[in-house]
**Q** 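I have a structure here, written as structure tokens, and I will follow up with some questions on it.
Lettering of chains follows the sequences in order, A, B, ..., and the numbering in each one begins at 1.
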Amino acid sequence: MTVHNLYLFDRNGVCLHYSEWHRKKQAGIPKEEEYKLMYGMLFSIRSFVSKMSPLDMKDGFLAFQTSRYKLHYYETPTGIKVVMNTDLGVGPIRDVLHHIYSALYVELVVKNPLCPLGQTVQSELFRSRLDSYVRSLPFFSARAG
Amino acid sequence: MSRQANRGTESKKMSSELFTLTYGALVTQLCKDYENDEDVNKQLDKILFSYFLPRGYNIGVRLIEDFLARSNVGRCHDFRETADVIAKVAFKMYLGITPSITNWSPAGDEFSLILENNPLVDFVELPDNHSSLIYSNLLCGVLRGALEMVQMAVEAKFVQDTLKGDGVTEIRMRFIRRIEDNLPAGEE
């Protein structure tokens, strides 16, 4: 099992943070384009899912998977979106994504008055804490699939 | 004899007197910096952005993230639920009080928060030359900023204030509209 990469978006589609671990193949387009595509896809999938839902939606869309990877999605009522791509062996990881939001993003970015909101996070502390948290996850391992 | 603010599970406690006095110092400084009370009221509710002195609105914009991270409250379905969460969860968490919710408008888009005792004014008496100062106006800015981040445009204002001789403190909240998410410009 392994973690490929992680995106953090705000409500306006700004990519606040991106990091990757075991990603062997790149998308072949500039990173900015990739963020836009990713956000656009999430935006559409969200509205599609809520339109199709036979009952009132609660948490909305949680994850999707292809034959090679699984995309996990977590969104707060303020529109912060945490997206993590892993391989197929990883189960539901809502608590992990919630932890990234509540214990890392809120604690280290939102509560830091020197970090302006709504633009790429510059905080080195945030980056390194996030990196070590992801590396410490039980499903993080070097045997990339 | 200090009231302790209950700050959730990982509770960090601080003396509410220290908090009250700190807030007092902020208001006093603003009264020195600005010529008339109207400007101070505006500053407390502040719209302009300032990194180092984020007040009301700017506090709300950040505080809502902390609130969501800590409280595990999901999205509210209507304004009544929002009112309940504000009074019973948010005020309790940050100020240690639970205001009561009354005076719903027939359309359900306006209500009042009644604060029996407002911890911000524990040691405050308004001097005569500041009769139009809305001392706790910061709270309105916080409410407005926080709700805007969860896609609700609201108006918040003080209609009664114990500092002005009223029996209770009353904040009137009015729902304006739901802010829709839009796809950022320049995307297909």
Side-chain angles (χ1 to χ4, degrees), chain A residues 8-16 32-48 50 55-60 74-82 94-95 97-119 121-122 126, chain B residues 7-10 12 26 46 48-79 81-82 85-86 89-90 93-94 142-153 178-188:
Chain A
L8 191 65
F9 291 102
D10 79 352
R11 188 169 58 170
N12 303 315
V14 177
C15 185
L16 299 173
E32 285 303 317
E33 283 298 307
E34 183 186 312
Y35 302 155
K36 269 193 189 173
L37 275 177
M38 173 60 83
Y39 187 81
M41 188 273 299
L42 294 172
F43 190 92
S44 317
I45 225 170
R46 248 176 85 234
S47 71
F48 173 78
S50 80
L55 298 168
D56 226 16
M57 274 224 310
K58 262 190 75 195
D59 293 327
Y74 174 79
E75 183 184 347
T76 69
T78 45
I80 301 289
K81 299 167 181 68
V82 189
R94 263 187 93 67
D95 49 337
L97 300 186
H98 179 77
H99 181 90
I100 291 174
Y101 166 70
S102 64
L104 298 170
Y105 177 70
V106 171
E107 286 300 319
L108 302 173
V109 179
V110 177
K111 290 194 189 173
N112 179 352
L114 292 177
C115 279
L117 301 179
Q119 40 183 283
V121 176
Q122 305 288 349
F126 173 75
Chain B
R7 311 258 296 178
T9 39
E10 44 182 291
K12 284 181 220 145
L26 171 74
K46 189 114 165 151
L48 295 172
F49 195 84
S50 137
Y51 286 129
F52 296 97
L53 288 175
R55 306 179 193 108
Y57 177 84
N58 294 310
I59 292 177
V61 165
R62 288 176 188 248
L63 197 66
I64 181 74
E65 301 281 6
D66 179 61
F67 175 72
L68 293 171
R70 253 199 253 210
S71 63
N72 255 327
V73 170
R75 185 175 284 282
C76 296
H77 294 287
D78 55 27
F79 202 42
E81 196 181 337
T82 310
V85 172
I86 291 172
V89 189
M93 188 185 283
Y94 294 111
V142 172
L143 287 165
R144 199 163 52 82
L147 288 175
E148 189 178 304
M149 294 305 282
V150 287
Q151 275 109 46
M152 261 182 266
R178 178 160 279 286
I179 304 165
E180 294 298 333
D181 267 351
N182 289 317
L183 206 56
E187 284 193 44
E188 295 94 315

**Q** Looking only at non-hydrogen atoms, find the nearest pair between A/P77 and B/G74 and report the distance.
**A**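 Heavy-atom minimum between the residues: CG-C, 4.2 Å.
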
**Q** What's the shortest heavy-atom distance between A/N112 and B/R62, and which atoms?
**A**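 Distance-wise, the nearest heavy atoms are O-NH1, 3.1 Å.
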
**Q** So which residue, A/T78, A/T76, A/V106, A/V14, ends up with the most heavy-atom pairs under 4.5 Å with chain B?
**A**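 So the answer, after comparing A/T78, A/T76, A/V106, A/V14, is A/T78.
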
**Q** List for me each residue that meets salt bridge (Lys or Arg N to Asp or Glu O under 4.0 Å) alongside A/E34, sequence neighbours excluded, and say none if there are none.
**A**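 If we apply the salt bridge (Lys or Arg N to Asp or Glu O under 4.0 Å) test to A/E34, skipping adjacent residues, the hits are A/R23, A/K31.
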
**Q** Quick one: what part of A/H98 sits under 4.5 Å from any heavy atom of chain B, side chain, backbone, both or neither?
**A**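 Only the side chain of A/H98 comes within 4.5 Å of chain B.
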
**Q** B/A153: what forms a side-chain contact (heavy atoms from CB on, under 4.5 Å) with it, not counting sequence neighbours?
**A**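 B/I176, B/R177, B/I179.
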
**Q** Name the region of A/D10, side chain, backbone, both or neither, that has any atom closer than 4.5 Å to a heavy atom of chain B.
**A**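 Contact with chain B: none, neither part.
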
**Q** Please name the pair of heavy atoms, one in A/R11 and one in B/E148, separated by the smallest distance, quoted to 0.1 Å.
**A**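 For A/R11 versus B/E148, the nearest heavy atoms are NH1-O, 3.2 Å.
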
